[in-house]
2 protein chains.
Amino acid sequence: MLTDEYRYKILKLIEANPSISQRELASQLDISLGKTNFCLKALIEKGLLKASNFKNSKKKSAYLYFLTPKGFEEKASVSVRFLKHKMREYEKLEAEIAQIRNDLNQQKESDIE
Amino acid sequence: MLTDEYRYKILKLIEANPSISQRELASQLDISLGKTNFCLKALIEKGLLKASNFKNSKKKSAYLYFLTPKGFEEKASVSVRFLKHKMREYEKLEAEIAQIRNDLNQQKESDIE
DNA sequence: CTCAATCTGTTCACTGAGTGAACAGACTCT
DNA sequence: AGAGTCTGTTCACTCAGTGAACAGATTGAG
């Protein structure tokens, strides 16, 4: 449920904007509020993130999220891991596309017969 | 639930082997027997596939599935549609990979500071 | 100050896709 | 005949995901 994809994206978004709300996070991640809340708690549970409720300049009553040292480490390694994952997907997709193209060519040939 | 992906794959597998069983189909599609049964029925419902229980040479008591004329038409058009879909995915993935690479470079730079 | 409005995080009943064990029927072989 | 094996079909169950509803905090206008 808390995949590398969301680890990566959440750590990145929070580093860029520590005062982001869970609703805004959900919107940018294109997932529900409930899932966002779950992932966030999981990251805090793992010690990658901390939430402080220090009063922010202009915000209402929200948390300030920030990456722990462990969080920075994880962000670096999850980036690499996620990149490798995406590259494998890329290669698979490339092969799949080639195969569909091949099938389409064979379809055309059998049309001629 | 019956996505273009399974339309395409099922029509292709059945054209290649009309005496394939639902369990074998499920195995090759890497989905459950229940979902395979559902998709198959949906394709029959739409008139793309027909199931005849003519006695097959060496099989036990299975159906013979075959594509209707409409099924052949659909197979041709779904191939193209599916290919385009995969190509869009491919481009998205390419952009995503580039962005992760960019982030990794920025991470390294901020490490030096 | 007061109270309504608006933000926040949290919860949890609900949904729906997907699963696979279990079943009934048809066939084969001894 | 009967045991074994294949078939398609069903359906109770699971579980990730959803988002309306809630409680608490802050703000701002009257």
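Naming convention: chains lettered A, B, ... in sequence-line order (proteins, then strands); numbering from 1 in each chain. Fair warning: this is a prediction, and the values are worked out from it, not measured in the lab.
Taking the side chain of B/Ser21 as heavy atoms from C-beta on, and the options C/dG18, C/dT11, D/dG8, the nearest nucleotide is D/dG8. Comparing C/dA22, D/dT18, C/dT19 by their closest approach to the side chain of B/Leu33 singles out C/dA22. Nearest to the side-chain atoms of B/Arg23 among the listed nucleotides C/dA22, C/dT19, D/dA16 stands C/dA22. With distances taken from any side-chain atom of B/Tyr63 to the nucleotides C/dG18, D/dT9, D/dG17, the minimum falls on D/dT9. Closest approach to the A/Ser32 side chain among D/dT10, D/dT18, D/dG8 is made by D/dT18 (side chain taken as heavy atoms from C-beta onward). Across D/dT9, C/dG18, C/dT10, the shortest atom-to-atom separation from the side chain of A/Lys41 is found for C/dT10.
The list of side-chain hydrogen bond (donor to acceptor under 3.5 Å, both in side chains) pairs with a residue in residues 32-47 of chain A, not counting sequence neighbours, reads A/Gln22-A/Asn37.
Between B/Asn37 and A/Asp30, it is B/Asn37 whose nearest contact on DNA chain D lies nearer the 5' terminus. Where B/Gly34 and A/Gly34 each meet DNA chain C at their nearest nucleotide, the meeting point lying more 5' is that of A/Gly34.
With rounding to whole Å, B/Leu43 atom CG is found 15 Å from D/dG8 atom P. The distance from atom CG of A/Leu40 to atom C1' of C/dT11 is 15 Å, rounded to the nearest whole Å. Here the P atom of nucleotide C/dT19 and the CD1 atom of B/Ile31 are 7 Å apart, to the nearest Å. Regarding B/Phe38, its CZ atom lies at a distance of 13 Å from the P atom of C/dG16, rounded to whole Å. Rounded to whole angstrom, the span from the OH atom of A/Tyr6 across to the C1' atom of D/dA16 amounts to 11 Å. One can place CG of B/Leu2 at 18 Å from P of C/dG16, the figure rounded to the nearest angstrom. Separating the NZ atom of A/Lys35 from the C1' atom of D/dC15 is a distance of 13 Å, rounded to the nearest angstrom. Computed from coordinates, the A/Met1 CE to D/dT18 P distance equals 8 Å when rounded to whole Å.
Of the charged side-chain nitrogens involved, at least one lies within less than 4.0 Å of a carboxylate oxygen, so that B/Glu5 and B/Lys9 count as a salt-bridged pair. For the pair B/Glu74 and B/Arg81, the salt-bridge criterion is met [side-chain N within less than 4.0 Å of a carboxylate O].
The phosphate of C/dG9 has OP1 or OP2 within less than 4.0 Å of a side-chain N or O from A/Tyr65. Within the 4.0 Å cut-off from OP1 or OP2 of D/dT9, at least one side-chain nitrogen or oxygen of B/Gln22 is found.
With hydrophobic clusters built from ILVMFWY side chains whose heavy atoms lie under 4.5 angstrom apart, A/Phe66 does not share a cluster with A/Leu25.
A/Ser79 places no side-chain N or O within 3.5 Å of a backbone atom of B/Leu104 that could act as its donor or acceptor partner.
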